[in-house]
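Comments concern the structure below.
Basis for what follows: all heavy atoms, side chains included, without hydrogens, waters or symmetry-related copies. Bear in mind the structure is a predicted one, so any value in this text is a computation, not a measurement. Reminder, nothing fancy here: chain letters follow the sequence lines and each chain counts from 1.
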Amino acid sequence: MKNFKDSFADVLFEALDGHLDKQKISLMIEKPKFEHMGDLAFPCFELAKILRKSPQGIAADLAGKNGSPFFEKIEAAGGYVNAFLEKGIVTASVIRQVLTEKEAYGDANLGNGQAITIDLSSPNIAKPFSMGHLRSTVIGNALALISEKCGYRAIRINHLGDWGTQFGKLIVAYKLWGNEEKVKQQPIKELLKLYVQFHEEAEANPELEDMGRQWFKKLEDEDGGALSLWKWFREESLKEFSKIYDLLGIRFDSTNGEAFYNDKMDRVVELLKEKKLLIESDGAQVVQLEDLPPCLIKKKDGTTLYATRDLAAAIYRHETYGSVQSLYVVGNEQSLHFKQLFSVLEKMGFTCAGGLVHIPFGMMLKDGKKMSTRKGKVVLLEEVLHEAISLALEDILKKNPDLPAKEKVARQVGTGAVIFHDLKNFRMNDIEFSLEDMLRFEGETGPYVQYTHARAASLLRKGKFAGSSGDIQLEDPEAWPVVTALMAFPEAVKRAFAEYDPSQIAKYVIELSRAFNKYYASVRFLEESSQKQARLSLAYSVTIVLKEGLRLLGIEAPKEM
RNA sequence: GUCCCAGUAGCUCAGUAGGAUAGAGCAACAGUUUCCUAAACUGUAGGUCGGAGGUUCGAAUCCUUUCUGGGACGCCA
C-alpha cells in the first residue's frame, strides 16, 4: 500500500502548490471507511483554514488533478478527496511482488543485524508451568520472530526463577515433610504440594518464615546440602518445562536463570557503593529514587533480592550480547519493579538504559482474581495443550479421516488455537481463564486461519498450479479486498514491531483470511477459464502471507488439515 | 491512602499520532453443499462507546473530574 499511498501524496502535493509538505500529506491520508469511497482518502478540513475556502470546494479542486496511472479516478465526496486505485495494474503488481519475494515479503531492515535481548517465559522452578507463564512465553516468542523479520538479531533468554527466599522455604518444607520417592515420581506436583503446605503452616508458625530465610542464606553461601537439593529441584523442573517448550516449538538462546548471577552481584553492589547510591535503611541496603519508592538491594541478613539479580543481569546482557534493546516480557503487576530497576541503572550511568523496555501484559484471571501459586490455585498449561490437541484430533477424524500425519497436524492445530487465543487481543487486557474459549476452533481463531491456508494450498494442489508465468490479469471484483489485504502486510509487521504488539499480526491474518474466504465462496477456482491461473496466483500469494504471518506468531501452517 | 492498567452489542474484543454511516467473532434466529476442505459463506437482530464537564468545524479517540473492576506499593519474585 505504501508506494501507492506515496503516489497519491505526490498527486496531492502537486495540486496543493506547496501549501503542505509531502510528509504531512502522507500522514493525513487515511483509509476510507467503506469500499464505495475508494482506497485512499484525504480530508480537507484542516486546509479550509489555510486556504480560507470550504472543504468541499478544496476537495472538488483537488479531485480534478489526477496525473498518475495508478489511479482509476479521484473524486470529491463531502470534504474528502477519494482515490480509487487502478485495480488491474495494482493487482498484478502486488501478486507479482509476493510471488517474487515469497516469505521475505514484508521484511523490514530496521535493525541492521543489531541484537535485541528478550527476557521471556521465565517460569519459577519447582512450580508448575501455569497459564500465566504462557502469556510471557508466546508474546515474547512472537516479538522475537517479529524483531527478526525487522532485521534484528533476537536473543531469547529464559530468565528462570531459580533463586530467592522461596527456595529456602521449599528446602525447609522438604526437610520437614518431604518424601524422596514421591518427589521422584511426580516432582512438580509434590514440590508444589510442599510449597503450599509451607504457606499454610507458616500462618500459624511464623518462625517457619525465618527458617526459610536462613536456608536461603545457606544457599547463597553455597552450603553443600542446600545446594544439592536445589540442583535436584532445578533439574526436575527443567525436564517438565522442556515438554511444554517442545510442544510450542520454542527454543532459547540462554536458560541462565537468577542463580546464574549469584557471583555477579558483588560487583553491582560495589558499583553502587562507588557511586554513593547505596544507603542503609532499617538495616537493609537501598537506593533512593525520585518519584518512586526506594529500590531494595540487600536485606538486613545480607542476602540479595530480585532487583539485585536483575541489575546484574541487565549489565551482563549488555556486555555479553551488545544489545541495542533489551525487552522484558513480564506481567503488568511488576511495572513498579521495572521502573525502579531502570531508574537505578540510569543513576549508575548504564549506557543501554534507554534501550530497556518493560513489555507488560494483563493477567490470566480465575473467577475475576489473580491465580495464586501459594494457595495452589493454578491451571496447568500442559493439560490445556493436551486437551486442545486431542480435540483437534477429534475434528480431524470427523472431517478429514484420510489425512496423513494426523497426530502432527493435531498438534499444530491444537497448539495453534491456544497460542492464537493468547495473542489475538491487546496484551494489556486481563484474560479470564476459559477453557471453552481457548479451545474454540471457529470464528476469529488460529484454526480458522490455518484452515484458510490449508484450503488455498489444496486449490494449488488440485489445480496443478505451476507457478506464475506471463501477465496476471485478474478481473473478479471480489478479489480486490484480498489484494488490498495482501498489500497491508508490511505495514502490519512494522506496526507490530513498533508497538511491541503481536496482536497486530493476529488481527491481520484474520482480516486476510476473511477476505480470502469470501472470495473463495464467490468464485470457482478450479473451473477452466482464462482466469484460472490468475486466481491460483492470488491463492498462492495468500498461502505465502498467511503462513508467514502465522510463523511470526509462533504457529505452524499445515498444508492439509 | 498513593500509583499503574482496563471499562465499546447478551459474552469476548477491534477501532485510540481526532475525521465520513462505531466494526468483528461467539451466542440467538433464518439460509447456503449433485460443485474446489461447511474448521467456511450469506442474511436478520442486537450500541446513551461507564457517567459528567471541557477543547475542536468534528471526540469512542485529547484534557479535567467522577464511578466500577483488577493490580502494585522495603526486606517475595
Report task. May I ask you to evaluate whether A:Lys399 reaches the phosphate of B:A40, defined as a side-chain N or O under 4.0 Å from OP1 or OP2? Result -> no
Query - Under-4.0 Å side-chain N/O to phosphate OP1/OP2 contact, A:Tyr328 with B:A77 - result: no
Requested in this report: Check whether any side-chain nitrogen or oxygen of A:Arg455 sits under 4.0 Å from OP1 or OP2 of B:A39, and answer yes or no.
Outcome: no
Requested in this report: Scan nucleotides 23-28 of chain B nucleotide by nucleotide, 5' to 3', and note B when protein non-hydrogen atoms come under 4.0 Å of the base, S if they reach only the sugar-phosphate, - if neither.
Outcome: SBSS--
Requested in this report: Indicate, with a heavy-atom threshold strictly under 4.0 Å, whether A:Glu560 touches base, sugar-phosphate, or nothing.
Outcome: base
Requested in this report: Determine the interatomic distance between C1' on B:A45 and the same-named atom on B:A72; round to the nearest Å.
Outcome: 43 Å
Query raised in the report: Between A:Phe420 and A:Tyr448, is the gap from one ring center to the other below 6.0 Å?
Result: no
Report task. To the nearest Å, give me how far apart CG (A:Leu512) and P (B:A14) are. Result -> 20 Å
Report task. Give A:Val523 one of three labels, base, sugar-phosphate or nothing, depending on what nucleic acid heavy atoms sit under 4.0 Å from its own. Result -> base
Report task. Nearest whole angstrom, please: distance from the C1' of B:A40 to the CD of A:Gln450. Result -> 15 Å
Report task. Report the glycosidic orientation of B:A72: syn if within 90° of 0, anti in every other case. Result -> anti
Mind listing the N/O atom pairs, protein and nucleotides 68-72 of chain B, below 3.5 Å?
{"residue": "B:G70", "atom": "OP1", "partner": "A:Lys369", "partner atom": "NZ", "Å": "2.6"}
{"residue": "B:A72", "atom": "OP1", "partner": "A:Lys370", "partner atom": "NZ", "Å": "3.2"}

**Report entry** Nucleotide B:C76, atom P - distance to CH2 of A:Trp215 in whole Å
**Finding:** 18 Å
**Report entry** Worked check of side chain to side chain donor-acceptor pair (under 3.5 Å) between A:Thr543 and A:Lys547
**Finding:** CA-CA 6 Å; A:Thr543 62; A:Lys547 186 176 180 187; over 6 Å; no
Report task. Give a yes/no on whether any side-chain N or O of A:Thr165 is located under 4.0 angstrom from OP1 or OP2 of B:C76. Result -> yes
**Report entry** B:U61 to B:A6 separation - P atoms, rounded to the nearest Å
**Finding:** 14 Å
Query raised in the report: So, for A:Tyr519 and A:Phe525, is the gap between ring centers shorter than 6.0 Å?
Result: yes
Report summary line: Answer for the Watson-Crick or wobble partner of B:U64, both distances under 3.5 Å, is B:A52
Query raised in the report: Which part of the nucleic acid, if any, lies within contact of A:Asp402, taking any heavy atom under 4.0 Å across all strands shown: a base, the sugar-phosphate backbone alone, or nothing?
Result: nothing
Query raised in the report: Do A:Lys299 and A:Gln285 get their side chains close enough for a donor-acceptor pair, meaning under 3.5 Å?
Result: no
Report task. If the plane angle is over 60° it's perpendicular, under 30° parallel, otherwise tilted; pick one for A:Tyr174 and A:Phe233. Result -> perpendicular
Report summary line: Ranking B:A14, B:C57, B:A20 by distance to the side chain of A:Asn425, first place goes to B:A14
Requested in this report: Have a look at A:Arg495 and say if it touches a base, only the backbone sugar-phosphate, or nothing, with a 4.0 Å heavy-atom cut-off.
Outcome: sugar-phosphate
Query raised in the report: Whole-Å distance between B:A60 P and A:Phe426 CZ?
Result: 20 Å
Requested in this report: Just call it for A:Asp301: base, sugar-phosphate, or nothing, with non-hydrogen atoms closer than 4.0 Å on any strand.
Outcome: nothing
Requested in this report: Report yes if a side-chain nitrogen or oxygen of A:Lys298 is closer than 4.0 Å to either non-bridging phosphate oxygen (OP1 or OP2) of B:C75; otherwise report no.
Outcome: no
Report summary line: Note: for A:Asn400 and A:Glu258 on RNA chain B, the residue whose nearest nucleotide lies more 5' is A:Asn400
Query - Interatomic distance where CG belongs to A:Leu526 and C1' belongs to B:U33 [whole Å] - result: 16 Å
Query raised in the report: Under a 3.5 Å cut-off for both distances, is B:U34 Watson-Crick or wobble paired, and to whom?
Result: none
Query raised in the report: For atom C1', what is the distance between B:C36 and B:G10, given to the nearest Å?
Result: 38 Å
**Report entry** Interatomic distance where CG belongs to A:Leu51 and C1' belongs to B:C57 [whole Å]
**Finding:** 15 Å
Query raised in the report: On a whole-Å scale, what distance lies between the C1' atoms belonging to B:U16 and B:U32?
Result: 38 Å
Query raised in the report: How many Å lie between CD on A:Glu35 and P on B:A20, as a whole number?
Result: 17 Å
Query raised in the report: Within the structure shown, what part of the strands sits under 4.0 Å from A:Ile396 by heavy-atom distance: base, sugar-phosphate, or nothing?
Result: base
Query raised in the report: Does any donor atom in the side chain of A:Asp162 or A:Trp230 lie under 3.5 Å from an acceptor atom in the other side chain?
Result: no
Report task. Give the intermediate values and the outcome of salt bridge (charged side-chain N to carboxylate O under 4.0 Å, His left out) for residues A:Asp422 and A:Arg135. Result -> CA-CA 7 Å; A:Asp422 198 300; A:Arg135 304 221 65 200; 3.0 Å; yes
Query raised in the report: Quick one: which of B:C75, B:A20, B:C13 gets closest to the side chain of A:Glu30?
Result: B:A20
Query raised in the report: Which whole number of Å gives the distance between the C1' atom of B:G70 and that of B:A24?
Result: 26 Å
Requested in this report: Could you measure between the two P atoms, the one in B:U42 and the one in B:U33, and give it in whole Å?
Outcome: 15 Å
Report summary line: Re B:G46: Watson-Crick or G-U wobble partner, both distances kept under 3.5 Å, found to be none
Query raised in the report: Base, sugar-phosphate, or nothing: which does A:Leu305 touch, judged by heavy atoms less than 4.0 Å apart?
Result: sugar-phosphate
Requested in this report: Evaluate the ring planes of A:Phe489 and A:Tyr508, with Trp represented by its six-membered ring, and classify them as parallel (under 30°), tilted (30 to 60°) or perpendicular (over 60°).
Outcome: tilted
Query raised in the report: Does the separation of the ring centres of A:Phe216 and A:Phe167 fall below 6.0 angstrom?
Result: no
Requested in this report: Determine the contact category for A:Gly78: base if any of its heavy atoms lies under 4.0 Å from a base atom, sugar-phosphate if only primed atoms, P, OP1 or OP2 are that close, otherwise nothing.
Outcome: nothing
Query raised in the report: Can you tell which of B:C76, B:C41, B:A39 lies closest to the side chain of A:Lys299?
Result: B:C76
Query raised in the report: Centre of A:Phe260's six-membered ring, under 6.0 Å away, within 45 degrees of the axis: is that where NZ or CZ of A:Lys264 sits?
Result: yes
Query raised in the report: Just to confirm, is there a sub-4.0 Å distance from OP1 or OP2 of B:A77 to any side-chain nitrogen or oxygen of A:Lys127?
Result: no
Query raised in the report: Below 3.5 Å, does any donor atom in the side chain of A:His36 face an acceptor in the base of B:U21, or the other way round?
Result: yes
Query raised in the report: Under 4.0 angstrom, heavy atoms only, what part of the nucleic acid is A:Ser281 near: base, sugar-phosphate, or nothing?
Result: base
**Report entry** Interatomic distance at C1', B:A28 relative to B:U21, whole Å
**Finding:** 25 Å
Report task. Examine the side chains of A:Asp310 and A:His337 and answer whether a donor and an acceptor come within less than 3.5 Å of each other. Result -> yes
**Report entry** Nucleotide forming a Watson-Crick or wobble pair with B:U2, both distances under 3.5 Å
**Finding:** B:A72
Report task. Scan side-chain atoms only and decide if A:Glu220 and A:Thr304 contain a donor-acceptor pair under the 3.5 Å cut-off. Result -> yes
Query raised in the report: Between B:A39, B:G74, B:C75, which one does the side chain of A:Lys300 approach most closely?
Result: B:C75
Query raised in the report: Which sits closer to the 5' end of RNA chain B, A:Tyr519 or A:Ala41, going by the nucleotide each is nearest to?
Result: A:Ala41
Report task. Check whether the side chains of A:Tyr195 and A:Glu200 place a donor and an acceptor atom closer than 3.5 Å, and report yes or no. Result -> no
Requested in this report: Could you tell me whether A:Phe525 contacts a base, only the sugar-phosphate backbone, or nothing, with contacts defined as non-hydrogen atoms closer than 4.0 Å?
Outcome: base
Requested in this report: Starting from P on B:A77, measure out to CG on A:Leu311 and report it in whole angstrom.
Outcome: 13 Å
Requested in this report: Please measure how far the C1' atom in B:G15 lies from the corresponding atom in B:A77, and state the result in whole Å.
Outcome: 36 Å
Report task. Please check if any side-chain donor atom of A:Asn517 sits under 3.5 Å from a side-chain acceptor atom of A:Thr452, or the reverse. Result -> yes
